[in-house]
2 protein chains.
Amino acid sequence: MTHPPFAVTVDLVVLTVREDALHALVVKRGEAPYRGRWALPGGFVQIDEDLDAAAARELQEETGLSRDDVHVEQLATYGAPRRDPRMRVVTVAYLALAPDLPSPTAGTDAADARWRSVADLLDSGRSLAFDHAEILRAGVERARSKLEYTPLAAAFCPAAFTITELRRVYQVVWGATLDPRNFHRKVTGADGFLIPTAATTTRDGGRPAMLYRCGPVTLLSPPLMRPAGQS
Amino acid sequence: MTHPPFAVTVDLVVLTVREDALHALVVKRGEAPYRGRWALPGGFVQIDEDLDAAAARELQEETGLSRDDVHVEQLATYGAPRRDPRMRVVTVAYLALAPDLPSPTAGTDAADARWRSVADLLDSGRSLAFDHAEILRAGVERARSKLEYTPLAAAFCPAAFTITELRRVYQVVWGATLDPRNFHRKVTGADGFLIPTAATTTRDGGRPAMLYRCGPVTLLSPPLMRPAGQS
DNA sequence: GCAAAAGTGTTCTTCGTACACCCATGG
DNA sequence: CCATGGGTGTACGAAGAACACTTTTGC
């Protein structure tokens with residue numbers, strides 16, 4: 001047996017911040033195995049399709065979001081021999097970070113796709129199908145560490161956002177509270193992270209806040225450090 | 001076409017530090033395609049085998065090293081439709097960090113396996129088979145960043161090593177020069193990184209140096225920072 | 001005016017860096 | 001006794017943490 005046949009799928013950990021909690025996109029399975037259980041969105045890679053393209057296609061089908069709207073990156077690959085009881089399936093997991101969407105699952109294939117809080121989903125008991133709980137955990141951990149040394153927190157925000165909105169992302173993802181004043185100084189001082197716009201907004205209340213767009217850098221140096229010893 | 005058949009392989013980026021340069025293990029291909037070219041060691045995942053197990057098996061076959069001797073972690077997965085001209089192959093790349101070995105390829109299957117300097121291998125011109133240059137680059141980049149926030153540099157050292165030997169690893173992998181005195185203070189001060197042993201050695205010349213073993217921590221906080229703007 | 005959030009200044013402490021200095025060996 | 005590397009002390013400056021304070025809106 002030189003090269004046994006495998007099925008290859010992509011699964012997506014799509015994260016967003018809403019209602020002061022981290023949420024992930026899940027779909028209700030319509031068929032066996034795990035029928036009726038929640039699972040990460042995903043599907044088979046087509047025979048002439050690159051892995052990244054398959055992930056982008058699934059994301060488009062499930063959420064209507066295009067690759068340009070959200071950050072997508074490869075997460076890890078899972079291939080335990082019996083992770084799918086039907087056959088040998090290797091799945092390439094992707095992590096996507098999306099802003100909070102007005103109509104989160106509009107125009108999608110999956111009838112029963114919805115946002116659910118990560119805390120709920122990882123609560124042992126009501127577990128996800130397959131090894132998806134493990135994949136979700138890996139995605140959340142990746143997101144947490146990426147906020148430290150990349151400007152990816154902005155991927156959770158609308159195109160123009162305030163410093164406070166950005167800080168809320170950090171607080172929700174890290175489960176920490178950050179000093180608004182030091183945070184403001186730090187991120188506005190980070191070269192290339194934020195581009196100021198002319199506009200301001202009062203949507204957070206109080207004095208009008210400057211709106212920023214995401215800058216061109218992909219790496220923050222020095223990184224923002226998350227306070228030690230939080231969830 | 002619901003689940004087209006794929007072949008799944010593992011490929012290994014095995015890195016070591018020798019002669020003051022970063023080296024990777026490569027094998028000469030004995031068959032088409034890319035016959036006679038250098039490639040990363042690897043092979044097909046068997047039908048009942050987990051991905052990590054396949055990587056460990058290939059490592060064992062190619063180097064005689066067991067999982068206990070070296071650090072092995074999943075790197076990334078590559079599956080461009082025509083990356084192998086014979087068929088659709090998805091490869092899960094693994095990164096392994098090994099100490100400098102007395103007889104690097106003793107007791108191996110691959111007749112023509114050897115260490116070659118990463119600088120040579122990535123020199124455009126004499127390129128590796130398939131997309132292995134890209135995979136090697138990803139492995140080296142992963143190793144570089146992992147040295148910052150994990151104690152993995154010790155994986156390049158023998159079981160008992162001196163601070164200077166550890167510093168040489170950092171210098172070679174980062175392509176930077178580090179102040180011996182500040183480095184000494186920093187790593188000996190990092191809680192759980194190094195466990196002092198009773199023994200000393202003069203193998204580096206000069207005054208006898210304390211020998212250390214690797215400690216239990218998996219994450220360094222605060223991280224060691226690599227000097228900005230090096231190769 | 002008052003509450004609430006934006007944004008700036010200031011102080012204190014911690015940590016990285018640079019570098020002087022002494023120690024312990026081999027030759 | 002000298003070269004070589006091991007290891008410690010110290011001084012300076014940059015950066016983080018804590019928090020007082022002024023600014024600008026909505027109500």
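Below, chain A is the first sequence line, B the second, and so on; all start at residue 1. Values below: all heavy atoms of this structure, side chains included; hydrogens, waters and symmetry mates excluded. For clarity, every value in this text was computed on a predicted model and none was experimentally measured.
Side chain to side chain, D11(A) and T91(A) meet the donor-acceptor criterion of an N or O pair below 3.5 Å. No side-chain donor from either of T16(B) and D100(B) sits under 3.5 Å from a side-chain acceptor of the other. Remark: the D52(A) side chain and the Y94(A) side chain contain an N/O donor-acceptor pair separated by less than 3.5 Å.
When rounded to the nearest whole Å, the span between NE2 of H184(B) and P of dT4(D) equals 20 Å. Distance, R203(B) CZ to dT4(D) C1': 17 Å, rounded to whole Å. Residue K186(A) contributes atom NZ, which lies 20 Å from atom C1' of dA6(C) at whole-angstrom precision. When the C1' atom of dT8(C) is taken as reference, atom CE of M210(A) falls 15 Å away, rounded to whole Å. Look at CZ on F161(A): it is 14 Å from P on dA6(C), rounded to the nearest Å. Put simply, CD on E165(A) is 9 Å from P on dA6(C), counting in whole angstrom units. The interatomic distance linking L211(A) (CG) with dA6(C) (C1') rounds to 12 Å, in whole Å. Going from atom CZ of R185(B) over to atom C1' of dG7(D) covers 9 Å, rounded to whole Å.
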Pairs: protein N or O with nucleotides 21-27 of chain C N or O, under 3.5 Å:
| unit_1 | atom_1 | unit_2 | atom_2 | d |
| --- | --- | --- | --- | --- |
| dC23(C) | O2 | R207(B) | NH1 | 3.0 |

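Using a distance-only test at 3.5 Å, with no hydrogens or angles considered, a donor-acceptor pair links the side chain of D69(B) to the main chain of S66(B).
Going from atom NE2 of H132(A) over to atom CZ of R37(A) covers 11.0 Å, rounded to the nearest 0.5 Å.
Side-chain atoms of D204(A) and base atoms of dA4(C) include no donor and acceptor less than 3.5 Å apart.
Of the listed nucleotides (dG5(D), dT8(D), dG16(C)), dG16(C) has the atom at the smallest distance from the side chain of P222(B).
Residue I163(A) is the one, among N182(B) and I163(A), whose nearest nucleotide of DNA chain C lies closer to the 5' end (criterion: closest heavy atom).
Using a 4.5 Å heavy-atom cutoff, the side chains of T63(B) and L25(B) are in contact.
No contact: M225(B) has no heavy atom under 4.0 Å from any strand. Residue contacts for T164(A): at a heavy-atom cut-off of 4.0 Å it reaches the sugar-phosphate backbone alone, with no base atom in range.
Between Y170(A) and F183(A), the ring center distance clears the sub-6.0 Å criterion.
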